[in-house]
There are 2 protein chains.
Amino acid sequence: MLTGEQLKQQAGVRTLQAIQSEVESTNKIALSVDCVIFGFDENKLKVLLIKSDLKKYLGKWSLLGDLVFPNEDLDAAAYRILKQRTGLSDVFLEQVHTFGKVSRHPAGRVVTIAYYSLINVQHHKLNILDNELHWHDVKSINNMAFDHQEIFDTCLKQLQKRVQEHPLGFNLLPKKFSLRELQNLYEAILDFKMDRRNFRKKFFSMDFLIDIKEMEQDVPHRPGKLYKFNFEKYEKKKKKFIGIDF
Amino acid sequence: MLTGEQLKQQAGVRTLQAIQSEVESTNKIALSVDCVIFGFDENKLKVLLIKSDLKKYLGKWSLLGDLVFPNEDLDAAAYRILKQRTGLSDVFLEQVHTFGKVSRHPAGRVVTIAYYSLINVQHHKLNILDNELHWHDVKSINNMAFDHQEIFDTCLKQLQKRVQEHPLGFNLLPKKFSLRELQNLYEAILDFKMDRRNFRKKFFSMDFLIDIKEMEQDVPHRPGKLYKFNFEKYEKKKKKFIGIDF
DNA sequence: ATTTAATGTGTAAATTAAACACATTATATT
DNA sequence: AATATAATGTGTTTAATTTACACATTAAAT
């Protein structure tokens with residue numbers, strides 16, 4: 001009869017004590033974060049990319065990322081990159097997925113934690129520090145460096161899903177926006193056209209838009225009303241939850 | 001006038017070459033995976049836990065996890081743990097989130113990638129190698145070791161969401177099941193009661209259940225019909241996609 | 001033969017989503 | 001000043017989906 005401990009040994013199960021000693025030793029891996037930074041400009045969904053400077057991927061575009069410091073929280077590392085690259089703080093940021101194929105990175109084993117963030121391009125425009133940074137139309141990007149295409153695709157899908165469930169999109173718009181801008185945003189993110197009357201009805205019936213009694217300025221046509229999103233009211237509401245639907 | 005390179009230096013941005021040298025050096029972190037292994041038994045949703053053997057958390061329950069080897073893919077590490085702990089291969093497994101607070105683990109900096117998996121408890125019962133392993137009713141667990149309560153809560157929420165969008169639940173059931181078993185499963189995962197007629201109507205209208213013309217055996221009441229899930233048909237179908245609803 | 005405890009089924013009402021057209025307004029043009 | 005333009009703003013009808021709700025049937029147990 002074997003003891004529990006012996007059975008564990010036999011099964012190749014290691015104890016926490018064993019783990020602890022390994023944490024102290026060489027069983028470590030380089031960790032990075034990569035940010036898919038989305039913006040919205042000229043009625044198009046954009047992503048901020050940088051030209052790869054690794055030989056293997058020369059000229060290809062890659063996401064903005066960096067290694068995580070051993071004494072740094074993951075979210076903090078992602079915020080650091082955003083701050084460095086856009087000059088912005090207080091941006092929307094969400095972790096999406098961790099990519100860790102053994103050979104995903106030419107520099108060695110690097111596991112990367114993917115985030116996406118949503119920024120208002122107007123706030124950012126003057127802060128690009130680097131002429132190798134560019135805003136790309138999401139519909140035109142393909143063939144990125146490393147496994148960044150896969151990371152990007154995953155993050156875009158996540159954004160498309162989340163934006164239907166939560167009021168994330170407003171992070172991409174000015175505080176005051178017209179319903180047309182809002183619809184353009186949704187159409188750009190979800191990549192299809194919607195009926196204007198039904199779109200407006202939907203948002204008005206949610207009752208989170210505040211009519212601020214102002215009109216668009218300097219538009220070459222009849223100006224639309226401007227609205228703000230009522231985040232306070234939204235936070236109070238509990239999300240209903242049910243509906244099995246494969 | 002500063003060059004792009006100087007501007008990057010100024011902003012604290014590091015190049016990929018700089019990263020490469022750091023990957024080779026000490027800028028590494030221990031990585032683990034933790035698995036929330038769900039089962040379904042006696043009409044209750046269960047989770048497989050192990051007694052912590054670290055002093056700090058003595059007697060508390062923790063998830064099943066282990067360090068990731070430097071030459072091991074993340075998913076492979078998760079499958080390894082499942083195989084070690086349950087004896088099962090070919091189980092459903094999905095990555096959920098990566099937890100990396102600097103002080104989350106008493107053994108030092110350990111970033112952990114959380115997965116959940118769904119197994120059929122019937123297949124597993126004879127394979128528990130370790131008397132410190134136990135199936136817990138998910139409704140009764142709280143106060144786990146480390147940050148495992150947070151990890152567990154996150155994974156349970158993800159399961160609750162996913163099970164409404166995809167036919168995951170069938171991984172927790174025998175191949176042949178009655179509609180009552182299926183409804184009990186959904187009620188256990190989502191933690192509320194549903195109308196039997198509407199539940200049946202819903203699943204029949206999806207048209208993925210195959211009536212295998214068999215009946216339940218050895219039940220102390222009128223036996224119900226048995227069904228299989230038509231995975232093949234499901235895979236062919238494209239998911240419809242739209243519906244903004246905060 | 002009777003009781004029990006579950007299965008199996010249908011319809012009406014309410015809600016939500018989809019389809020669809022015209023008057024209004026500010027700007028730009030002539 | 002008059003007209004053309006290009007957008008905003010608004011309701012109704014239909015279809016589809018979801019919810020609420022009750023009774024007959026069946027096999028096993030008594």
Interatomic distance, [X] [atom1] vs [N] [atom2] [rounded to whole Å]:
X: B:Arg180; N: C:dA6; atom1: CZ; atom2: P; value: 8 Å
X: B:Met194; N: D:dC21; atom1: CE; atom2: P; value: 18 Å
X: B:Gln217; N: D:dA27; atom1: CD; atom2: C1'; value: 12 Å
X: B:Phe199; N: D:dT19; atom1: CZ; atom2: P; value: 13 Å
X: B:His221; N: C:dT2; atom1: NE2; atom2: P; value: 24 Å
X: B:Asn198; N: C:dT9; atom1: CG; atom2: P; value: 15 Å
X: B:Glu216; N: C:dG8; atom1: CD; atom2: C1'; value: 13 Å
X: A:Asp218; N: D:dA7; atom1: CG; atom2: C1'; value: 16 Å

Is there a donor N/O on one and an acceptor N/O on the other, under 3.5 Å, for the side chain of [X] and the base of [N]?
X: A:Lys201; N: C:dT16; result: no
X: B:Arg222; N: D:dT25; result: yes
X: B:Arg196; N: C:dG8; result: yes

#### Entry: Centroid separation B:Phe40 to B:Phe177 less than 6.0 Å
no
### Query
Less than 6.0 Å separating the ring centroids of B:Trp61 and B:His148?
no
### Task
Consider the side chain of A:Lys202, meaning its heavy atoms from C-beta on, and name the nucleotide among C:dA18, D:dT10, C:dA17 that approaches it most closely.
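Closest of the options to the side chain of A:Lys202: C:dA17.
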### Query
With nearest nucleotides of DNA chain D determined for A:Leu179 and A:Pro220 from heavy-atom distances, which residue corresponds to the more 5′ nucleotide?
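Closest to the 5' end, via its nearest nucleotide, is A:Pro220.
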### Message
Taking the basic N atoms (NZ, or NE/NH1/NH2) and the acidic carboxylate oxygens, is any pair closer than 4.0 Å for A:Arg104 and A:Glu150?
### Response
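Salt bridge absent between A:Arg104 and A:Glu150.
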### Sidechain N-carboxylate O distance under 4.0 Å for B:Asp41, B:Lys46
no
### B:Tyr115 side chain near B:Asp75 side chain, heavy-atom distance below 4.5 Å
yes
### Message
Between A:Arg197 and D:dG11, is there a contact of a side-chain N or O with OP1 or OP2 at under 4.0 Å?
### Response
no
